[in-house]
Asks: 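Below is the structure I would like to discuss, written out as structure tokens.
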Number of protein chains: 2
Amino acid sequence: MKNTEKIDLIFKHFERHIKLSDTLKTELAQRIICKTFKKGELVHHATKVCNKSYFIQKGLMRAYFIKDGKEISEYFSAESEWCNSPRSLRTRQLDIYYIDAIEDVEAFCLSLVDLMYLFDHFPEMERYARLSMGTILGHFMERITSMRFTTAKEKYNHFLATYCDIHHRIPLGMIASYLGITQETLSRIRAKK
Amino acid sequence: MKNTEKIDLIFKHFERHIKLSDTLKTELAQRIICKTFKKGELVHHATKVCNKSYFIQKGLMRAYFIKDGKEISEYFSAESEWCNSPRSLRTRQLDIYYIDAIEDVEAFCLSLVDLMYLFDHFPEMERYARLSMGTILGHFMERITSMRFTTAKEKYNHFLATYCDIHHRIPLGMIASYLGITQETLSRIRAKK
DNA sequence: CTTAATTTTTGACATAGATAAAAAAAATTA
DNA sequence: TAATTTTTTTTATCTATGTCAAAAATTAAG
């Protein structure tokens, strides 16, 4: 890491859940590397096991999978959020997800090996993971509820609420596949209000 | 705890993810209490903050919420699974979920206070939570996919796959609300095959 | 700038699944 | 075991959203 100011972004993120000792900060700084991706660039390919986690410093990433030849968006990650192929990273096996950059991206990158090292040596990292996964789990539960008992319009409103800050940066087609509706339907919903 | 054999069930569960030291086993045994619930009994009420987690030893529990006066099943927990109101437990705030017993239930009960104590003193408990939440997160992702791009029949098949062992113990109406389809539709799907 | 490629919008039509109401079956209680 | 309540099934319509096709608008490339 050259830019010590930049890394503060991810430190601040950790510190929302845990206290970072100087030792841990040093260990993190030694292991985190910076990567950049051009808009449209593929960051992770489903034919590979995912062994990295990206923390976005600037830009927008998307996890998606292919169904019947079409890209189905699974989730979007923006500034100060992680992006990876969760199950692949956890189980060290293949999963269906691709990751690409919707905008030019600057990201911090932590390898699985380094993550494991940190979990083994810093219990507070385990806590961080437990707490932040709890938050994500909550979002998923809300999303499941939103998927089940709402009209297409309500689904879209729920999307607008959860991706409040970044919804305008995501193309309509990607939003439609994320919501499980057709882009025609979404276009009509937008036209009405 | 009187029955030392019984508590092995939950020890074995922990040991799927972590090693349990004798110290931790003792601490757990001191804190876990047994509770029983009759079929139909309300275990957790949405007007209360959830401050307990139940690990089911025998029977079947359900988390649900009320929408337009109807009970919408969120998830089911059977033997060797946890049941609680996740976000309420995590944030110490109210959430929408009720929990009831679909069958007579015998469960181990751990209070939030005791959970916190264990997290604070046993880093391996943090790891256990991280790993088991990862598994749950994977299930949720699959469920979200299943909710979005499949017909009612495919949703039902996905339910049968995920609740393979216990699907026959869950009433049709509860399954329908879990899947976000009407019970009439589910009844027709069952009739066909 | 001009052309090509991609994304979004619009229109016509089809259909899976919702809704409503009532009968049948199963489970619970007296 | 009869009576009551709850759950499931069936029948008949209705509607939101999907599908297909093509035009318009936007973005990217030469």
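All values reported here derive from a predicted model rather than from experimental measurement. A, B, ... follow the sequence lines: proteins, then strands. Residue 1 opens every chain.
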Asks: D:dT6 P sits how many Å from B:Glu71 CD, rounded?
Replies: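 That distance rounds to 12 Å.
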Asks: Please report the distance, rounded to the nearest Å, between NE2 in B:His168 and P in D:dT8.
Replies: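 Answer to the nearest Å: 15 Å.
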Asks: Nearest whole Å is fine: how far is D:dG18 C1' from A:Gln183 CD?
Replies: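 One finds 13 Å between C1' of D:dG18 and CD of A:Gln183, rounded.
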Asks: Cation-pi between B:Arg62 and B:Tyr75: NZ/CZ under 6.0 Å from ring centre and within 45° of the ring axis?
Replies: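 Verdict for B:Tyr75: no cation-pi partner in B:Arg62.
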Asks: Remember a base hit wins even if backbone is also touched, and classify A:Gly180 as base, sugar-phosphate or nothing at under 4.0 Å, heavy atoms.
Replies: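 Counting heavy atoms under 4.0 Å across all strands, the contact made by A:Gly180 is with sugar-phosphate only.
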Asks: Between A:Tyr117 and A:Glu27, is a side chain to side chain donor-acceptor pair (under 3.5 Å) present by the stated rule, with each step listed?
Replies: CA-CA 10 Å; A:Tyr117 173 87; A:Glu27 294 271 17; 3.0 Å; yes
Asks: Reckon A:Lys39 touches a base, only the sugar-phosphate, or nothing at all at heavy-atom distances under 4.0 Å?
Replies: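 Here A:Lys39 touches the backbone only, sparing every base.
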Asks: Nearest-Å distance, CD (A:Glu184) to C1' (D:dA22)?
Replies: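 Rounded to the whole Å, the gap is 11 Å.
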Asks: Does the A:Thr162 side chain pair with the main chain of A:His158, one donor and one acceptor, at a distance under 3.5 Å?
Replies: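 Between the backbone of A:His158 and the side chain of A:Thr162 there is a qualifying donor-acceptor contact (under 3.5 Å).
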Asks: Rounded off to whole Å, could you give me the CZ-to-P distance for the A:Arg190 and D:dT17 pair?
Replies: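 Taking CZ of A:Arg190 and P of D:dT17, I get 16 Å after rounding.
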Asks: Does A:Arg169, at its CZ atom, have more than 12 non-hydrogen atoms belonging to other residues, nucleotides or ligands within less than 6.0 Å?
Replies: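 Yes, enclosed.
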Asks: In whole angstrom, what separates B:Ile189's CD1 from D:dT10's P?
Replies: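 Between P of D:dT10 and CD1 of B:Ile189: 13 Å.
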Asks: A:Glu154 CD to D:dT17 C1': how many Å, rounded?
Replies: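 Rounding to the nearest Å, CD of A:Glu154 and C1' of D:dT17 are 14 Å apart.
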Asks: What is the base-pairing partner of C:dA16, counting Watson-Crick and G-U wobble geometry with both distances under 3.5 Å?
Replies: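 Here C:dA16 is engaged in a pair, and the nucleotide opposite it is D:dT15.
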Asks: Could you state the atom-to-atom distance from CG of B:Leu172 to P of D:dT7 in whole Å?
Replies: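 That distance rounds to 11 Å.
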Asks: Categorize A:Leu186 for me: base, sugar-phosphate, or nothing, with a 4.0 angstrom heavy-atom threshold over every strand shown.
Replies: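 Touches nothing.
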Asks: Using only side-chain N and O atoms of A:Thr185, determine if any of them is under 4.0 Å from OP1 or OP2 of D:dG18.
Replies: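 Yes.
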Asks: Taking donor-acceptor contacts at under 3.5 Å, does the side chain of B:Arg188 reach the base of D:dT8?
Replies: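 Counting by modelled atom types and ignoring angles, no donor-acceptor contact under 3.5 Å is found here.
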Asks: Could you tell me which nucleotide pairs with C:dT29 by Watson-Crick or G-U wobble geometry, both distances under 3.5 Å, or answer none if nothing does?
Replies: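 Here C:dT29 is engaged in a pair, and the nucleotide opposite it is D:dA2.
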Asks: Does anyone know the first and last nucleotide of DNA chain C in reach of chain A, 5' to 3', at under 4.0 angstrom to a heavy atom?
Replies: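 For DNA chain C, the relevant span reads C:dT8 to C:dA12.
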Asks: Mind checking whether A:Leu115 and A:Ser53 have side chains closer than 4.5 Å, heavy atoms only?
Replies: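 The answer is yes, as the side chains (C-beta and beyond) meet within the 4.5 Å cut-off.
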Asks: Applying the side-chain contact (heavy atoms from CB on, under 4.5 Å) criterion to B:Ser85, which one of B:Asn51, B:Val49, B:Asp95 satisfies it?
Replies: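 Of B:Asn51, B:Val49, B:Asp95, side-chain contact (heavy atoms from CB on, under 4.5 Å) with B:Ser85 is met by B:Asp95 alone.
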Asks: Between B:Lys38 and B:Glu106, does at least one N-O distance fall below 4.0 Å, as a salt bridge requires?
Replies: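 So B:Lys38 does not pair with B:Glu106 through a salt bridge.
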